[in-house]
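Start at 1 and go down the list; that is how both ligands and their atoms are numbered.
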Amino acid sequence: MSYEDIRAAASAIAGRTGHDRHTLAIVLGSGLAGYARSLPGAVEIPYEEIPGFPLPRVAGHGGSLFSANVGGHPVLVFSGRVHTYEGWDLDDVVFGVRTAITAGCGTIVLTNASGGCGDGLEAGDLVLITDHLNLTARNPLTGLNDERLGPRFPDMSDVYTTALRSVALETAAAAGVELKQGIYAWFLGPSYETPAEVQMAKRLGADLVGMSTVPEAIAARHMGASVVGISLVTNLAAGISPVPLSHAEVQETADAARERFTALLDALLPALASA
Ligand code: HPA
């Protein structure tokens, strides 16, 4: 994926939506795919109609980009993402986020489903990501650096922008939705972690374990965009949960939490789009 491919995708989006620039983009994780359609004036662009766009290969993950009006701001909503475990290169995994930033988005909201390993976390909790641990030894910026995207050695001191985290916490409190905070550890998947891996991550400081978000966050910071991460704990992580993990459990919890998650996003997106 070259800079030109990203530009081509961004201009296809501008052409289809009539918006030269969008303000904010959100990537919807497992179980949230339907959210985009609820937004005012949502215009759907199937991923296959965007040049260069990778197409999701997992059941339960959608595959369209929406442009919608949120509090008077044009926002992009990625309904479905591609993961490294599907066999995609990291370049493809971060293509959507890079395209959104090229299309004008200064803020990227990343949502995901995760396993909880932090003390006090329970299935169904919504957690604001405060930082991450990259436990995969993979990085989307490996290879030649294109200075038009960002610097060779980007700073990662404040990946999940402190000021926007404050906005998120205040907005959640005002909306009456409990939002906890925690550190997210990225594993490649697709097998869930072993109990020993979960204990390792926990001892290293992780509260959440999951298979996404971190590459997109790194690529977004590389390009200078602000990042907000919100995770839904769909299950207690392996070894902490008394029962074996299953994708069905992940989807059930995501379904049960949908109303709360959507209420949070309804409050959060306008606040972040104008922050
Ligand atoms: N581990 C990794 N990814 C996940 C989990 C988990 O326990 N739950 C949902 N996504």
Side-chain angles (χ1 to χ4, degrees), residues 26-35 56-63 78-88 90 93-94 109-138 140 160 179-218 228-258 260-262 264-265:
I26 175 166
V27 179
L28 301 176
S30 306
L32 275 179
Y35 179 66
R57 298 165 180 166
V58 182
H61 295 261
F78 291 90
S79 186
R81 56 151 67 87
V82 300
H83 300 82
T84 325
Y85 60 70
E86 294 166 83
W88 292 100
L90 283 170
V93 171
V94 303
V109 182
L110 301 169
T111 68
N112 63 49
S114 65
C117 61
D119 291 336
L121 287 182
E122 290 168 30
D125 281 348
L126 289 165
V127 183
L128 182 65
I129 299 175
T130 55
D131 203 349
H132 71 229
L133 288 166
N134 179 355
L135 300 181
T136 66
R138 308 270 301 268
Y160 304 88
L179 185 59
K180 296 185 174 175
Q181 301 186 68
I183 294 174
Y184 178 96
W186 178 33
F187 285 85
L188 270 188
S191 49
Y192 289 115
E193 302 73 27
T194 64
E197 287 162 349
V198 169
Q199 285 307 315
M200 171 190 74
K202 182 172 170 144
R203 283 173 203 199
L204 293 177
D207 300 292
L208 309 164
V209 293
M211 306 175 194
S212 69
T213 300
V214 169
E216 292 131 301
I218 292 171
V228 175
I230 300 174
S231 190
L232 170 67
V233 177
T234 52
N235 55 280
L236 292 178
I240 296 176
S241 168
V243 294
L245 272 51
S246 73
H247 189 52
E249 179 196 3
V250 167
Q251 284 179 318
E252 269 166 40
T253 312
D255 288 345
R258 183 168 300 122
R260 240 174 339 113
F261 208 157
T262 353
L264 177 63
L265 294 180

Evaluation steps, side-chain contact (heavy atoms from CB on, under 4.5 Å), between Thr84 and Trp186: CA-CA 11 Å; Thr84 325; Trp186 178 33; 3.7 Å; yes
Given that the side chain starts at C-beta and the backbone is N, CA, C, O, which of these parts of Ala238 lies under 4.0 Å from ligand 1, counting heavy atoms, or is it both or neither? neither
Numbering the atoms of ligand 1 from 1, which are under 4.0 Å from a heavy atom of Glu193? 1 (N), 2 (C), 6 (C), 7 (O)
Main-chain N/O of Gly29 paired with Thr111 side-chain donor or acceptor, under 3.5 Å: yes
Which residue and non-hydrogen atom of the protein lie closest to atom 7 (O) of ligand 1, and at what distance in Å? Asn235 ND2, 2.9 Å
With sequence neighbours left out, write down each residue that passes salt bridge (charged side-chain N to carboxylate O under 4.0 Å, His left out) with Glu216, or none if nothing qualifies. Arg81
So do the side chains of Arg138 and Leu90 get within less than 4.5 Å of each other, counting heavy atoms only? yes
Is the closest side-chain donor-acceptor distance between Asn235 and Ser241 under 3.5 Å? no
Among protein heavy atoms, which sits nearest to atom 9 (C) of ligand 1, and what does the distance come to when rounded to 0.1 Å? Thr234 OG1, 3.3 Å
Proximal ligand 1 atoms for Leu245, defined as those under 4.0 Å from one of its heavy atoms: 7 (O)
If you have a sec, work out which protein heavy atom is nearest atom 5 (C) of ligand 1 and how many Å separate them, to one decimal? Gly115 N, 3.4 Å
Would Leu135 and Leu204 satisfy side-chain contact (heavy atoms from CB on, under 4.5 Å), going step by step from the backbone distance to the final call? CA-CA 10 Å; Leu135 300 181; Leu204 293 177; 4.1 Å; yes
Please output the side-chain donor-acceptor pairs of residues 115-126 that fall under 3.5 Å, not counting sequence neighbours, one pair per line with the distance.
residue: Asp119; atom: OD1; partner: Lys202; partner atom: NZ; Å: 2.6
residue: Asp125; atom: OD2; partner: Glu122; partner atom: N; Å: 2.8
residue: Asp125; atom: OD2; partner: Lys180; partner atom: NZ; Å: 2.8

Near Met211, which atoms of ligand 1 are under 4.0 Å from a heavy atom of that residue? 2 (C), 3 (N)
Give the residue and atom name of whichever protein heavy atom lies nearest to atom 3 (N) of ligand 1, and the separation in Å to one decimal. Gly210 CA, 3.5 Å
Look at atom 10 (N) of ligand 1 and say which protein heavy atom is nearest, naming residue and atom and giving the distance to 0.1 Å. Ala113 O, 3.4 Å
Does an N or O anywhere in Tyr192 fall below 3.5 Å from an N or O of ligand 1? no
